[in-house]
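Below, chain A is the first sequence line, B the second, and so on; all start at residue 1. Just so it is clear, the model here is predicted, and its values are computed rather than measured.
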Amino acid sequence: MLKWCGVVLLLISSLAWGRLDKPHQVQELAYGEVAYLYLQGDYFAALTRAQMALERGEVDVHRADLEVLLGAMYSAYGMPEDAERVFSALLDQQVSGEVAQRAWIHLAGLYYRQQKYPRALETLEQQAGPPPEDLQEVYHSLRARVLMRLGRYEEAAESLDAFAANHPLNAYLRYNLAISWINGKHPGLGQEWLWELANMPPGAPEVNAIKDKAMLALAIYMLRSDQEDRALQLLRDARLEGPFADVSLLLYARALLIENQPGRALPVLQQLDNKSIQRSTVQEAQLAIPYLYEQMGDQRSARQAFQTALERFDGLEEYLLEVEARIANGDWFAEMVGEPRWSTAMDPVPPFLPKRVKSFPTFYEWFATTEFQHGWHNYHELMRQRNLLTQWQNTLPAMQTMLDAHERKHQEVRPQAQALLRELSQQDFQGRLTRLQGDYRAAVSDQDPLPFATDDEQRLWQAQQEAERKTRSWGKRKRPDMTAKLDFYKGVLLWEMQQDIVPRQWQRQQELNDISAMLDQTRKLRSRVMVASNRVQRLDFFRQELPALEQELASLQQRGERLMRRQQYSLQASAFEQVTVTRKRLKRFSAAAHEGLADLYNKALRNGREPAASSDSAPLVE
Amino acid sequence: MRQVVVLLLMLVASQLQGGELDQELADFKRDVLEVNKRLLLLEEELLFPADTQVGIYVSLDVGHYFQPDSITLELDGEVLASHLYTEREIRALKNGAVQRLALANVKNGEHEITAFVTGMGPEDREIRRGVTGQFEKRHGRHFVQLHIEDDKAKQQPRLLFRDWR
């Protein structure tokens with residue numbers, strides 16, 4: 001059943017991920033990575049990654065989605081306060097209707113886990129409102145379970161109708177509802193539903209377990225309501241494997257006895273009798289067998305069976321005393337835990353299950369309870385976390401070495417980088433470029449072709465200017481045609497330069513742009529060099545962070561150890577309770593066996609015969 | 001007798017402290033998460049500084065015509081990572097999640113990345129595909145995403161690299 005609850009919780013938590021057969025919607029890798037870890041049930045890794053993504057600002061588009069996911073994971077990971085804080089903060093912001101709806105449904109799920117059923121229902125109905133298509137299933141499954149907890153079965157049934165008939169959750173919810181009906185107002189309807197569930201096609205272990213449970217519940221109901229023949233028919237087909245095989249056999253034997261068929265009931269009980277006496281069903285069968293012999297008139301076998309029962313009860317009593325002592329000194333728990341294998345720090349595998357130790361049958365029903373699973377899971381999680389802390393503690397020296405290497409490299413490179421930066425500052429590249437750009441703009445504005453002249457043109461222009469200067473100094477001695485010639489050559493030169501002035505300006509503009517781009521690159525490089533040369537602050541931070549983390553790891557290890565011990569004590573106390581319950585039952589059964597045996601002797605005495613108390617081979621009653 | 005007394009004390013203590021223990025466990029988890037986050041950030045910064053870091057991610061769109069079994073990734077001709085997929089991982093990918101396959105350090109400039117993917121196609125046919133892409137590593141963290149999507153026309157998978165700067 002716990003596994004089913006897990007499925008339900010996972011479904012509730014995976015609200016944002018009902019995306020099968022739709023185009024890819026993840027737009028930020030960090031969000032997708034968190035989802036990848038989360039969808040595999042590795043909440044610890046997913047939570048850490050989500051916190052890193054939020055701290056480093058790796059999400060923008062999916063920020064609200066990630067926060068919803070974070071809250072859902074906190075809730076599933078047993079951190080309800082953190083979950084509530086995240087959802088409340090999110091719902092106080094301006095978020096889209098869809099995000100808000102998801103957050104409300106998660107919040108309702110959180111209230112459900114906290115057993116605040118009216119609040120969960122109120123949140124679903126008044127805050128979340130009617131769900132969109134992709135949230136229908138999640139919404140209605142949660143609503144149905146809340147309603148069932150509140151005893152509002154009719155409405156829960158209506159909620160169930162929203163599911164597809166073959167959904168595994170449907171079977172689980174229908175079973176619960178059928179049980180509440182069969183014990184309440186609608187036994188007929190409950191019987192009908194249980195019949196449907198018991199006749200589902202076999203499938204996954206969870207489905208088979210529901211089928212078995214439905215069949216047993218139906219059989220019990222039939223036995224209680226004088227439908228023994230139908231109960232017999234049903235139990236004849238019961239599976240002789242799985243967790244409910246013992247109970248099925250016992251019920252079958254009871255049904256046969258009610259139908260007055262002790263001869264057929266005996267082998268069924270004997271089949272149970274071959275199993276461990278630690279099982280409650282076997283204890284019951286052990287006590288039932290002598291009564292069965294007595295009913296069949298076989299007094300001798302009855303006496304023998306009573307004695308066997310008493311011996312086995314005594315043996316079990318002794319064993320339970322031993323188990324109690326082993327629980328008290330911690331050996332029992334250590335044996336149960338065994339030596340867990342680890343692959344990596346926080347791997348969800350290998351599964352952590354109680355070991356099949358000798359006392360396993362005494363506790364196997366308790367092992368299936370939510371209470372045990374909760375405590376056992378907490379213990380396992382603490383183990384995993386302490387294992388992770390140990391791994392980090394072992395890694396710290398290596399991190400210290402890495403940090404030293406970074407520092408050494410930094411100290412080597414830093415002076416060179418600073419020298420380069422100084423040189424760059426002295427060159428004033430940007431100032432020079434700005435001046436060039438100013439000159440260019442002025443030349444373009446004045447339509448001055450000279451700044452764009454080629455080297456040859458520059459030389460000719462210089463020569464022409466020189467000739468003009470010289471002829472001016474000649475005064476009246478200069479020939480008039482000389483001035484005209486010079487003016488002509490000047491005009492020709494200017495005409496040539498002006499002729500393609502636009503491409504020349506464009507080319508110069510391109511050159512200036514290229515220089516500007518190069519300077520941009522230099523600036524970026526310069527800022528990187530500057531950041532790198534100032535990384536000393538970051539390295540200083542690491543230098544302080546490492547010892548602080550070392551201390552925190554040690555302190556967390558101690559806290560973890562204390563918590564593990566407390567969790568262990570809590571489980572041991574519950575185990576002790578289980579043993580006490582078993583011992584009380586055994587006392588009752590022993591008393592009944594003694595009484596039965598005494599009755600046998602009494603009957604024999606009354607019949608005027610000497611009971612063969614001293615000889616096992618002598619007949620008791622003929 | 002002493003053991004029984006100890007057990008009785010344990011029993012009382014556990015009943016009194018059940019809720020308190022849950023609260024302390026939640027506080028402990030919160031602190032471990034915080035320390036784990038700080039250590040991971042520190043480790044990443046020391047092992048994969050932003051200037052040289054490149055992260056390779058894998059995503060799967062829809063997956064009607066392909067279900068990956070394994071992937072091998074080569075960066076500049078060297079095998080960088082290999083991975084065998086579990087059913088759970090495939091389900092996560094099909095649901096839109098993104099797998100971080102590898103983190104590596106590379107110098108700034110052009111790099112070549114190649115992925116070889118094997119898996120099952122329609123009618124349980126084994127499919128092998130390879131894809132090569134280039135990316136230019138620049139300043140800051142750099143991400144490359146291998147995206148596997150359905151080619152409806154050919155009923156086959158199509159692999160492509162996306163560059164995230």
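The pair B:Asp31-A:Arg559 counts as a salt bridge, with a side-chain nitrogen and a carboxylate oxygen less than 4.0 angstrom apart. Residues B:Glu24 and A:Arg562 are not paired through a salt bridge, judged by the lack of any N-O separation under 4.0 Å between the basic side chain and the carboxylate.
The neighbour count for B:Arg128 CZ, taken as heavy atoms of other residues, nucleotides or ligands under 6.0 Å away, does not exceed 12. The 12-atom threshold is not exceeded at CD of A:Gln551, counting heavy atoms of other residues, nucleotides or ligands nearer than 6.0 Å.
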- Would A:Asn378 and B:Leu21 count as a side chain to side chain contact (heavy atoms under 4.5 Å, CB included) if you check the C-alpha gap in whole Å, the side-chain angles of each, and the deciding distance to 0.1 Å? CA-CA 10 Å; A:Asn378 280 344; B:Leu21 185 59; over 6 Å; no
- Under the salt bridge (charged side-chain N to carboxylate O under 4.0 Å, His left out) rule, what do B:Arg38 and A:Glu552 come out as? Steps first, then yes or no, please. CA-CA 11 Å; B:Arg38 280 163 60 194; A:Glu552 282 181 54; 3.1 Å; yes
- Could you go step by step and tell me if B:Leu46 and A:His406 meet the side chain to side chain contact (heavy atoms under 4.5 Å, CB included) rule? CA-CA 8 Å; B:Leu46 289 172; A:His406 275 274; 3.7 Å; yes
- Message: Could you walk me through whether A:Leu553 and B:Leu39 satisfy the side chain to side chain contact (heavy atoms under 4.5 Å, CB included) test, starting with their C-alpha distance in whole Å, then the side-chain angles of each, then the deciding distance to 0.1 Å, before giving a yes or no?
- Response: CA-CA 10 Å; A:Leu553 283 172; B:Leu39 280 160; 4.0 Å; yes
- Message: Applying side chain to side chain contact (heavy atoms under 4.5 Å, CB included) to A:Trp392 and B:Leu40, what does each step give before you reach the verdict?
- Response: CA-CA 10 Å; A:Trp392 276 125; B:Leu40 280 175; 3.8 Å; yes
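With a 4.5 angstrom heavy-atom cutoff, A:Glu371 does not touch chain B via any of its atoms. Looking at A:Glu55, the atoms closer than 4.5 Å to chain B (heavy atoms on both sides) all sit in the side chain, from C-beta outward. Looking at A:Leu396, only its side chain comes within 4.5 Å of chain B, counting heavy atoms on both sides.
Taking CZ from B:Arg88 and CG from A:Asp42, the interatomic distance works out to 9.0 Å, rounded to the nearest 0.5 Å.
Heavy-atom pairs under 4.5 Å with chain A were tallied for B:Glu34, B:Glu44, B:Gln99, B:Arg100; the largest tally goes to B:Gln99.
B:Lys29 places no side-chain N or O within 3.5 Å of a backbone atom of A:Met79 that could act as its donor or acceptor partner.
Put simply, the side chain of A:Leu47 does not reach to within 4.5 Å of the side chain of B:Asn36, judged on heavy atoms. Side-chain contact between A:Glu381 and B:Leu25 is absent, with no heavy-atom pair separated by less than 4.5 Å.
Considering B:Asn95, B:Leu93, B:Val98 as possible partners of A:Tyr36, the one that fulfils the side chain to side chain contact (heavy atoms under 4.5 Å, CB included) test is B:Leu93.
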